[in-house]
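Both counts, for ligands and for their atoms, begin at 1 and track the order of listing.
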Amino acid sequence: MTKRVFSGFRPTGRQHIGNYFGTIQNCLQLQEEYESFYCVVDLHALTTLENTATLKEDVHNMVLDWLAAGIDPEKSVIFVQSHVPEVTELHMLMSMVTPLSWLLRVPTFKEKVRMHPENVNYGLVGYPVLMTSDIALYKGEVVPVGEDQLAHLELAREILRRFNSMFGNVFPEPQAKLTEFPLIVGLNGAEKMSKSADNYIEIAASPEDIRKKISTAFTDPARKYRADPGHPEVCNVFTLHKMFTVGRIAEIERECRNAGIGCTDCKKLLAESVSDYFAPFRERRLELQARPEYVREVVQDGAARASRVARETLREVKAAMNLLP
Ligand code: TRP
């Protein structure tokens with residue numbers, strides 16, 4: 001039987017180049033090999049959200065980008081976490097087998113307490129229990145995650161092991177599948193591309209916006225004047241050329257080193273490459289956008305398919321716990 005992949009993604013709205021080469025490419029590959037469940041975890045987002053004003057729009061734009069990029073609702077179950085409310089019930093039951101001490105020592109929790117001591121809510125402490133419930137509800141066996149999620153996944157395995165030992169073997173033990181992807185450094189050249197660092201390029205950006213964004217990118221700091229020789233190995237624009245202008249990379253490197261090309265022209269060239277790379281994606285996105293109901297239908301159908309699995313699992317859990325009427 002094909003194994004089931006489950007992964008959850010916080011609703012971050014329009015996707016950027018970092019998301020594209022990390023998450024999206026990975027999902028595209030996995031949907032060919034596994035039975036895939038891709039879930040937009042809007043409930044998890046609530047643990048740190050100040051308000052929900054843009055939540056729906058963020059969910060919509062994220063799913064639209066996924067679909068335009070080729071995540072295929074015929075192959076994958078694409079759905080929104082809160083649309084299948086069984087997860088909240090499982091979360092309650094899982095909370096009963098999770099020692100509080102396990103949750104209080106989770107690194108991401110401690111980090112959030114340090115950063116936002118004013119917003120340490122009950123839901124935040126339970127974040128990994130909800131994540132465990134996501135995976136468990138759909139009996140996910142393979143969970144593609146980045147390195148930052150490994151501690152959560154280890155905890156999920158411990159919680160499920162404990163559940164199984166107390167109530168019988170209901171859940172498979174999920175395996176982390178570490179996603180290896182190129183680290184996409186943001187336009188400021190200092191840290192990884194992210195919305196929070198405001199150093200990103202959206203994959204749906206227009207060619208004009210791509211050009212504007214790239215014109216702000218940091219380059220080789222030692223190259224002050226046009227005639228100075230450049231050092232491509234320390235230049236983030238060059239790093240991006242390696243992904244987007246592959247065919248001309250030797251020429252760009254040479255011309256940078258001997259000051260044959262200036263940073264401004266080098267950035268213009270990169271903007272063209274990035275625009276060309278995402279042109280088919282933009283076209284497909286426009287087509288989908290012209291059908292306003294489409295995204296809604298996809299997530300509705302996804303929720304219906306996910307619900308069937310969810311109801312069955314929850315029934316099994318309740319039977320194991322002697323909770324069925
Ligand atoms: N915790 C994950 C993150 O912040 C999101 C997530 C929620 C998740 N539920 C999941 C990931 C289940 C994998 C499996 O990115």
- [ ] Among all protein heavy atoms, pick the one closest to atom 5 (C) of ligand 1 and tell me residue, atom and distance.
- [x] G8 O, 3.5 Å
Task: Protein heavy atom at shortest distance from atom 10 (C) of ligand 1 - done: M131 CG, 3.4 Å
TODO: Run the numbers for me: atoms of ligand 1, each under 4.0 Å from some heavy atom of V41, listed by number.
DONE: 7 (C), 9 (N)
Open item on the list: Can you confirm whether R282 sits close enough to S275 that some side-chain heavy atom of one is under 4.5 Å from a side-chain heavy atom of the other?
Closed with: yes
Task: Contacting atoms of ligand 1, where contact means under 4.0 angstrom from a heavy atom of I135 - done: 12 (C), 14 (C)
TODO: Could you walk me through whether R223 and H231 pass the side chain to side chain contact (heavy atoms under 4.5 Å, CB included) test, one step at a time?
DONE: CA-CA 8 Å; R223 195 177 184 196; H231 305 88; 5.7 Å; no
Task: Nearest-neighbour protein heavy atom for atom 4 (O) of ligand 1, which is reported as residue plus atom name and distance - done: Y127 OH, 2.7 Å
Open item on the list: Can you name the atoms of ligand 1, numbered from 1 with element, that are less than 4.0 Å from a heavy atom of V143?
Closed with: 13 (C), 14 (C)
Open item on the list: Under a 3.5 Å cutoff, is there a donor and acceptor pairing between the side chains of D58 and T54?
Closed with: yes
Task: Protein heavy-atom partner closest to atom 9 (N) of ligand 1 - residue, atom, separation in Å - done: D134 OD2, 2.8 Å
Open item on the list: Which residue is it: Y138, F9, W66? I am looking for the one with a ring pair (Phe, Tyr, Trp, His ring centres under 6.0 Å) to F79.
Closed with: Y138
Task: atom 2 (C) of ligand 1 [closest protein heavy-atom partner, distance rounded to 0.1 Å] - done: Q149 OE1, 3.3 Å
Open item on the list: Measuring only between side-chain heavy atoms, which start at C-beta, is Q81 closer than 4.5 Å to H44?
Closed with: yes
Quick one: side chains of residues 197-206, donor-acceptor pairs under 3.5 Å with protein atoms, not counting sequence neighbours, listed by atom name and distance.
unit_1: N199; atom_1: OD1; unit_2: S194; atom_2: N; d: 2.8
unit_1: N199; atom_1: ND2; unit_2: N188; atom_2: OD1; d: 3.3
unit_1: N199; atom_1: ND2; unit_2: K192; atom_2: O; d: 3.3
unit_1: S206; atom_1: OG; unit_2: D209; atom_2: N; d: 3.1
unit_1: S206; atom_1: OG; unit_2: D209; atom_2: OD2; d: 3.3

